[in-house]
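Heavy-atom basis, side chains included; hydrogens, waters and symmetry copies ignored. Below, read A as the first sequence line, B as the second, and so on, with proteins coming before strands; counting in each chain starts at 1.
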Amino acid sequence: MTEITENGSTKVEKPSHFIQNILRKDLDEGKVETIVTRFPPEPNGYLHIGHAKSICLNFGVAKQFGGVCNLRFDDTNPEKESDEYVESIKRDVSWLGFEWHEEIRFTSDYFDQLHDWALELIKAGKAYVCDLSPDQAREYRGTLTEPGKNSPNRDRSVAENTELFAKMRAGELAEGSCSLRAKIDMAAPNINLRDPVIYRIKKVRHHHTGDKWCIYPSYDFAHGQSDAIEGVTHSICTLEFEDHRPLYEWFIANLSVPATPKQYEFARLNLNYTVTSKRKLRQLVDEQHVDGWDDPRMPTISGMRRRGYTAQSLRNFCDRIGVTRSDSVVDVGMLEYCVRDDLDKNAPRAMCVLRPLKVTLTNYPEDKIERLRAPGHPNRDDLAERELPFSQTLFIDVEDFREEANKKYKRLVLGKRVRLRNAYVIEADEAVKNDAGEVVEVKARIIENTIGEDPEDGVKPKGVIHWVSAAENIECDVRLYDRLFNEESPGAGGSDFLQAINPDSLQVLSGAKAEVSLGEAKPESAYQFEREGYFCLDSHYSRDGALVFNRTIGLRDSWAKISQQN
RNA sequence: UGGGGCGUAGCCAAGCGGUAAGGCAGCGGGUUUUGAUCCCGUCAUGCGAAGGUUCGAAUCCUUCCGCCCCAGCCA
């Protein structure tokens with residue numbers, strides 16, 4: 001049931017989901033010749049893990065069935081949109097590993113056509129300019145259980161509507177003073193059909209069309225027709241748009257569009273211990289609870305990238321969670337599994353001591369340095385070996401030494417032995433303490449002839465710990481991240497989601513000691529710091545001679561459970 | 001109390017009338033110079049509930065219960 005992907009991470013072979021079933025059926029029955037989908041983000045924020053699901057779905061099925069997928073910016077509301085977001089979205093989609101068909105599309109590229117179609121509706125007596133203010137319109141709309149009332153302007157003549165719409169377009173009417181509405185049914189049980197607004201006045205400069213327009217089409221009026229223009233066959237969106245489908249179909253049926261795209265809905269992704277709403281993510285950025293949209297703790301694609309998550313792991317995650325119509329909350333542990341799975345298979349190994357404790361080898365010459373060789377990966381010989389300088393003084397992690405411990409502790413203990421990863425077995429003789437009683441140095445001895453061999457006296461070490469030479473290493477900062485929220489569902493039950501922020505989501509360690517080969521690390525490229533976790537160089541904070549590593553994710557840690565039990 | 005959806009294990013999710021796949025998490029064990037990886041085993045007499053149809057129901061019918069979405073000139 002499982003197969004291995006090109007780069008080795010574990011991919012599960014899954015039965016097809018309902019979207020794939022629909023596409024296969026439409027292809028088989030000849031309803032469509034080529035699948036055309038589209039990913040239609042509004043450029044009003046950065047993409048997050050939920051968008052990744054949509055991207056993988058839209059681009060994924062198009063590729064699977066030999067079709068194409070467009071990248072279209074749904075930019076009908078200039079008040080919230082900007083080029084910064086356009087650029088970040090292009091970067092994120094590319095990084096995720098997908099290629100959009102031909103050039104980038106913008107809904108705003110179709111504003112002329114959309115305007116013509118609005119005129120077409122007016123001429124057919126199917127749209128009218130309504131003078132109701134937003135507040136009045138709300139009253140006229142009725143409620144969930146009561147029908148709405150017709151606008152006093154509902155029966156304006158075609159001529160009058162044409163003239164008023166022209167004035168709207170010419171900027172002669174004030175924002176909010178009127179709108180163009182589709183004439184459908186104010187008593188419809190589906191509120192979206194109660195004469196929805198299709199054009200509104202916004203005297204705002206548009207990031208893509210500049211000052212050409214002061215009226216902008218609504219999402220409902222733009223989306224389906226844009227799909228039709230592009231020849232999109234299957235317009236896949238999330239569940240909250242289900243109630244809009246009758247409206248989507250109404251425009252397609254009542255306008256001279258070149259194609260008849262169909263809308264299908266799937267459940268959006270929810271992840272526990274995470275927020276995936278642009279509003280909340282924006283708030284975290286604006287109020288500086290995080291360093292920006294690409295803060296490594298953010299569930300944005302750019303944040304995860306900077307954190308060290310790989311595109312492959314995100315794609316695998318999206319494959320594993322499936323595509324259905326039922327609301328669900330995926331355990332963030334599933335995401336973490338996918339990240340570890342990919343990184344384990346592909347990240348070169350290295351050693352870095354996070355909290356250094358000096359070890360002096362009393363039987364090792366002071367001026368001697370051995371150049372040991374270590375594999376780049378325990379089960380991959382295609383990854384380059386590295387050189388480890390070994391010297392009289394070393395650093396090990398403070399957590400890896402105890403003066404005394406029970407049998408479960410498999411690290412260095414006074415009077416006992418431990419294996420230094422890829423090097424000698426050593427035995428600890430003495431703990432040197434400062435005035436506060438803290439261990440500041442350990443005096444130990446190497447056991448001769450133990451590189452790649454067990455000790456000749458038959459006394460095997462209890463465990464293996466990592467180390468770095470004190471003579472040659474790279475001092476660096478390490479940033480340890482934990483989940484951004486302490487609650488499974490931040491903001492649940494009407495509480496303030498900011499109250500759920502984990503105050504310890506970032507811990508900065510300075511003075512960590514990295515092995516010299518890490519001097520060649522490139523930003524965002526993954527390493528496993530053995531026994532610690534996966535790390536990558538931070539793309540913002542790192543400088544030549546002042547390296548900063550982000551912990552992407554820790555190794556699975558069964559010791560944590562054992563040590564807590566005792 | 002209008003309309004539209006959805007309920008299969010702690011989580012995700014197959015199943016579409018023939019007797020509950022798979023993954024994550026968990027638990028138990030094995031290998032191991034990473035307490036990692038890897039490997040093996042275990043984990044729903046049960047499919048929101050109750051009736052009914054049937055030789056046989058998670059699948060069909062009825063009723064009920066729960067959860068989600070919709071009253072922006074947002075998308």
>> Taking G26(B) as the reference, what is the distance to G10(B) when you measure between their C1' atoms (whole Å, please)?
In response: 9 Å

>> Rounding to an integer number of Å, can you tell me how far K410(A) NZ sits from U32(B) P?
In response: 11 Å

> Does any N or O in the side chain of D195(A) come within less than 3.5 Å of the main-chain N or O of I184(A), such that one atom is a donor and the other an acceptor?
Replying inline: yes

>> Counting the atoms with a prime plus P, OP1 and OP2 as sugar-phosphate, which does V425(A) contact under 4.0 Å by heavy atoms, base, sugar-phosphate, or nothing?
In response: nothing

> Does D341(A) come within less than 4.0 Å of K345(A), counting only side-chain N to carboxylate O?
Replying inline: yes

>> Between E530(A) and R421(A), does any NZ, NE, NH1 or NH2 come within less than 4.0 Å of an OD or OE carboxylate oxygen?
In response: yes

>> Rounding to an integer number of angstrom, what distance separates C60(B) and C16(B) when you compare their P atoms?
In response: 11 Å

> Taking a pair as Watson-Crick (N1 to N3 plus N6-O4 or O6-N4) or G-U wobble (N1-O2 and O6-N3), both under 3.5 Å, which stems of 3 or more consecutive pairs involve RNA chain B?
Replying inline: B:2-7 with B:65-70, B:10-12 with B:22-24, B:26-30 with B:38-42, B:48-52 with B:60-64

> Is the Lys NZ or Arg CZ of K202(A) less than 6.0 Å from the centre of Y216(A)'s six-membered ring, within 45° of the axis?
Replying inline: no

> Under 3.5 Å, is there an N or O donor on one side and an acceptor on the other linking the side chain of Q528(A) and the base of U34(B)?
Replying inline: yes

> Can you tell me how far P in G23(B) sits from the matching atom in C40(B), rounded to whole Å?
Replying inline: 10 Å

>> Does R181(A) reach a base, just sugar-phosphate, or nothing at all? Heavy atoms under 4.0 Å.
In response: nothing

>> Taking the minimum atom-to-atom distance to the side chain of I321(A), which one of C6(B), C12(B), A14(B) wins?
In response: C12(B)

> For the base of U34(B), is there a side-chain donor-acceptor partner from R349(A) under 3.5 Å away?
Replying inline: yes

> Expressed in angstrom and rounded to an integer, what is the separation of L335(A) atom CG from G23(B) atom P?
Replying inline: 19 Å

>> Of the options A36(B), U34(B), G2(B), whose atoms approach the side-chain atoms of R556(A) most closely?
In response: A36(B)

>> Less than 4.5 Å apart, side chain to side chain, heavy atoms only: is that true for W250(A) and K126(A)?
In response: yes

>> If I pick the C1' atom on C11(B) and the same atom on C43(B), what distance separates them, to the nearest angstrom?
In response: 14 Å

>> By the rule that syn is within 90° of 0, classify the base conformation of G72(B) as syn or anti.
In response: syn

>> Taking the side chain as everything from C-beta on, heavy atoms only, tell me whether V61(A) gets closer than 4.5 Å to H17(A).
In response: yes

> Looking for any heavy atom pair under 4.0 Å, which part of the strands does Y140(A) touch: base, sugar-phosphate only, or nothing?
Replying inline: nothing

> So which nucleotide from C12(B), A14(B), C24(B) ends up closest to the side chain of P15(A)?
Replying inline: A14(B)

>> Applying a 4.0 Å non-hydrogen cut-off, can you work out what G533(A) is touching in the nucleic acid: base, sugar-phosphate, or nothing?
In response: nothing

> Considering only side-chain heavy atoms of M334(A), which listed nucleotide, C38(B), A36(B), C24(B), is closest?
Replying inline: C24(B)

> With rounding to whole Å, what would you report as the distance between G35(B) and A49(B) at their P atoms?
Replying inline: 45 Å

>> Using a heavy-atom cut-off of 4.0 Å across all strands, would you classify R419(A) as base, sugar-phosphate, or nothing?
In response: base

>> Between G52(B) and U42(B), how many Å separate the two C1' atoms, rounded to a whole number?
In response: 38 Å

> For atom P, what is the distance between C6(B) and G48(B), given to the nearest Å?
Replying inline: 14 Å

>> Is any side-chain heavy atom of E532(A) closer than 4.5 Å to one of D397(A)?
In response: yes

> On a whole-Å scale, what distance lies between the C1' atoms belonging to G3(B) and A71(B)?
Replying inline: 12 Å

>> Closest-nucleotide mapping onto RNA chain B: is S558(A) or R325(A) further toward the 5' terminus? I mean the 5' end.
In response: R325(A)

> Taking C-beta and beyond as the side chain, do W467(A) and D400(A) meet within less than 4.5 Å on heavy atoms?
Replying inline: no

> Has the side chain of R245(A) got a donor or acceptor that lies under 3.5 Å from a partner of the other kind on the base of G4(B)?
Replying inline: no

> Any luck finding a side-chain donor-acceptor pair between E456(A) and N449(A) under 3.5 Å?
Replying inline: yes

> Is the shortest heavy-atom distance from the side chain of I426(A) to the side chain of V418(A) under 4.5 Å?
Replying inline: yes

>> Categorize I451(A) for me: base, sugar-phosphate, or nothing, with a 4.0 angstrom heavy-atom threshold over every strand shown.
In response: base

>> Does either side chain, that of Q312(A) or that of D342(A), offer a donor lying less than 3.5 Å from an acceptor on the other one?
In response: no

> Where the side chain of K561(A) is defined as all heavy atoms beyond and including C-beta, which of C12(B), G26(B), A36(B) is the nearest nucleotide?
Replying inline: G26(B)

> What nucleotide among G23(B), G35(B), C6(B) has an atom nearest to a side-chain atom of R320(A)?
Replying inline: G23(B)

>> How would you summarise protein contacts on nucleotides 67-75 of chain B per nucleotide, using B for base, S for sugar-phosphate only and - for none, with heavy-atom distances below 4.0 Å?
In response: -SBBBSBSB

